[in-house]
Amino acid sequence: MAAAGAEARGGEGWRAAPLTVPRSPGKLPRPGKRGRDSRACRRVTRRDAASLPADTLAPKGALRASPLPRSYFISKEFYFLIVAWCVPCLVSLDTLQELCRKEKLTCKSIGITKRNLNNYEVEYLCDYKVVKDMEYYLVKWKGWPDSTNTWEPLQNLKCPLLLQQFSNDKHNYISQVNKGKAISLKDNNKALKPAIAEYIVKKAKQRIALQRWQDELNRRKNHKGMIFVENTVDLEGPPSDFYYINEYKPAPGISLVNEATFGCSCTDCFFEKCCPAEAGVLLAYNKNQQIKIPPGTPIYECNSRCQCGPDCPNRIVQKGTQYSLCIFRTSNGCGWGVKTLVKIKRMSFVMEYVGEVITSEEAERRGQLYDNKGITYLFDLDYESDEFTVDAARYGNVSHFVNHSCDPNLQVFNVFIDNLDTRLPRIALFSTRTINAGEELTFDYQMKGSGDISSDSVDHSPAKKRVRTVCKCGAVTCRGYLN
């Protein structure tokens, strides 16, 4: 199975792991600093392998399928010849550190050494009590399992931010329970109610999970703007089935040719006959990098074959999001949303809509499933034909979290850069007006690249009857439904 898995992954990111065998029967390797006891183990040689029964050997084809060196492992009870691999670990770093400290093991690769094996740092506060007029907090120690939590006097805690978060979470819970009733901030209780402590722990764990997700998003993005994550509304954590991508991901059977066949030789694309002119359209941008063409007009940017440099005024969408954005939990029941953390000028490029490129037939099948769940992530690529659709349900970027509005502040445009196939335009979102810092970003889910509203929103014939999703945008011009 290991060899088969390696073959499926093409060997990328994998390496052979040297495994060992006990020097004497009945003595197995035990965990140690290097993951094995070198005194009790030795590497299995080809001579050892030759002495094994033939039916325990891995298939020759499986071994040859791997471009990496072979490694052998012999267990205490059974004799097997396998290909061993090191695989990416899905467990968080903190969990690995907790396991090491629990077993009193050191591992430099995850930051556990003899020097810091017994270090204690407050990760979050779990509970509160008063004993003989002295305040105590139950502390969860970073990198240590919950079984090592201890009660510590307030005077010993040097973590003002965590103390403030604890107080805020406690106050927020009480506010939610009392639903707007007057709250006395003076607390004479000797201990917290279990429900309050439970909420505070859940909120602390959520805060850690969202921070890890935020870090992961920023590692994966390839644009200038930073991504932040915020949830002050409920206990919802990161989505469990979402994968961040920066460009279209073609479904099996779909080929994306991202290589232009020709490019311009301009010295100044703003004044010379450039790529848009060759395509029979106007240059999309003005000198302030704002879009000047009407919705429905395609954008042709300079591509990888053009002789102009990265500062060319006709390279905007390809540079990615320049603004810092925040994925936040909405308070109106719309789930996650996206807001800008800086002011965005009108007619400016904000983000690209990316996802999995699928056929229209597959989109119809998925659309019915999504309608039943009350979600909408399908965007038809219907600039010239209606063969393909972008599905951002599982694979996408920040645009995955942008909510719908019947009165949006973002407008859709079709863009062509390296891929000039008119069936597969890139989808760019530009601001329709000045958007202030802290304002939510929205676009019309029924908006087509042509600038028109999809006819699906007004087609109620029995043959096209589908589950309808209620719109919660709250705009004066709200149509009432998303689809």
Side-chain angles (χ1 to χ4, degrees), residues 230-234 236 239 291 294-296 323 325-341 343-348 350-353 355 363-364 366-382 389-393 396-414 427-483:
E230 173 187 291
N231 185 353
T232 60
V233 175
D234 54 31
E236 186 72 17
I291 196 163
Y323 306 102
L325 306 175
C326 179
I327 300 171
F328 74 105
R329 196 70 176 172
T330 63
S331 58
N332 61 354
C334 291
W336 294 102
V338 179
K339 62 183 177 181
T340 176
L341 299 180
K343 183 178 180 179
I344 300 176
K345 295 181 179 179
R346 63 185 298 270
M347 312 307 284
S348 298
V350 179
M351 70 180 74
E352 195 172 348
Y353 192 89
E364 183 65 26
R366 294 188 187 184
Q368 294 178 2
L369 296 176
Y370 295 162
D371 287 346
N372 292 330
K373 296 179 180 179
I375 59 177
T376 305
Y377 293 107
L378 300 175
F379 199 111
D380 293 333
L381 300 179
D382 49 10
T389 296
V390 176
D391 182 4
N397 60 2
V398 179
S399 63
H400 166 98
F401 302 97
V402 175
N403 281 317
H404 161 86
S405 175
C406 297
D407 183 22
N409 51 24
L410 299 179
Q411 172 68 49
V412 174
F413 283 86
N414 290 301
I427 303 301
L429 300 174
F430 286 77
S431 58
T432 59
R433 57 175 175 78
T434 299
I435 306 174
N436 295 318
E439 190 173 348
E440 183 176 3
L441 302 175
T442 59
F443 72 94
D444 192 333
Y445 285 4
Q446 295 298 333
M447 185 67 67
K448 305 168 86 175
S450 61
D452 300 326
I453 300 297
S454 171
S455 59
D456 289 351
S457 62
V458 294
D459 185 352
H460 308 309
S461 61
K464 192 135 183 164
K465 187 174 182 181
R466 296 170 68 175
V467 178
R468 309 204 71 194
T469 303
V470 176
C471 179
K472 301 178 181 179
C473 73
V476 176
T477 56
C478 181
R479 297 189 298 270
Y481 295 94
L482 295 182
N483 56 349

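None of these values were measured; they are calculated from a predicted model.
- Taking SG of Cys471 as the reference point, atom OH of Tyr445 lies at 9.5 Å (rounded to 0.5 Å).
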Intermediate values then yes/no, side-chain contact (heavy atoms from CB on, under 4.5 Å), Ile327 and Leu325: CA-CA 7 Å; Ile327 300 171; Leu325 306 175; over 6 Å; no

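- Taking the side chain as every heavy atom from C-beta outward, Leu378 and Tyr370 approach each other to under 4.5 Å.
- Contact annotation: the side chain of Ile344 never approaches that of Thr434 to less than 4.5 Å [non-hydrogen atoms, C-beta and beyond].
- Using modelled atom types and a 3.5 Å distance limit, the side chains of Asn231 and Glu236 yield no donor-acceptor pair.
- Here the side chains of Ile435 and Leu441 are in contact, with some heavy-atom distance below 4.5 Å.
- Here the side chains of Tyr481 and Val470 are in contact, with some heavy-atom distance below 4.5 Å.
- Ion pairing of Glu439 with Arg433 is present here, as a side-chain N (NZ or NE/NH1/NH2) and a carboxylate O approach within less than 4.0 Å.
- Rounding to the nearest 0.5 Å places SG of Cys473 at 5.0 Å from NE2 of His404.
- Rounding to the nearest 0.5 Å gives a distance of 15.0 Å between NZ of Lys339 and CZ of Phe401.
- For the atom pair CG of Asp391 and OG1 of Thr389, the computed distance is 8.5 Å after rounding to the nearest 0.5 Å.
- Atom CG of Leu429 sits about 9.0 Å away from atom CD of Gln411, to the nearest 0.5 Å.
- Relative orientation of the Phe443 and Phe379 rings is tilted, given thresholds of 30° and 60° on the angle between their planes.
- Proximity of Pro295 to Phe430: side-chain heavy atoms (C-beta onward) are nowhere separated by under 4.5 Å.
- Contact check on Asp444 versus Arg479 returns a salt bridge, with a Lys/Arg side-chain nitrogen under 4.0 Å from an Asp/Glu carboxylate oxygen.
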Residue pair Asn397, Tyr353: steps toward the side-chain hydrogen bond (donor to acceptor under 3.5 Å, both in side chains) verdict: CA-CA 7 Å; Asn397 60 2; Tyr353 192 89; over 6 Å; no

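- The minimum heavy-atom distance linking Ala475 with Asp407 is given by the pair CB-CB, 3.8 Å.
- With values rounded to the nearest 0.5 angstrom, Arg346 atom CZ is found 8.0 Å from Ser431 atom OG.
- Residues Leu410 and Thr442 form no side-chain contact, since every pair of their non-hydrogen atoms from C-beta on lies 4.5 Å or further apart.
- Put simply, the side chain of Glu440 reaches to within 4.5 Å of the side chain of Thr330, judged on heavy atoms.
- Side-chain contact check for Glu352 versus Ile427: every heavy-atom pair is 4.5 Å or farther apart.
- Shown here for Cys326 and Leu341, the closest heavy-atom pair between the two residues is CB-CD2, 3.8 Å.
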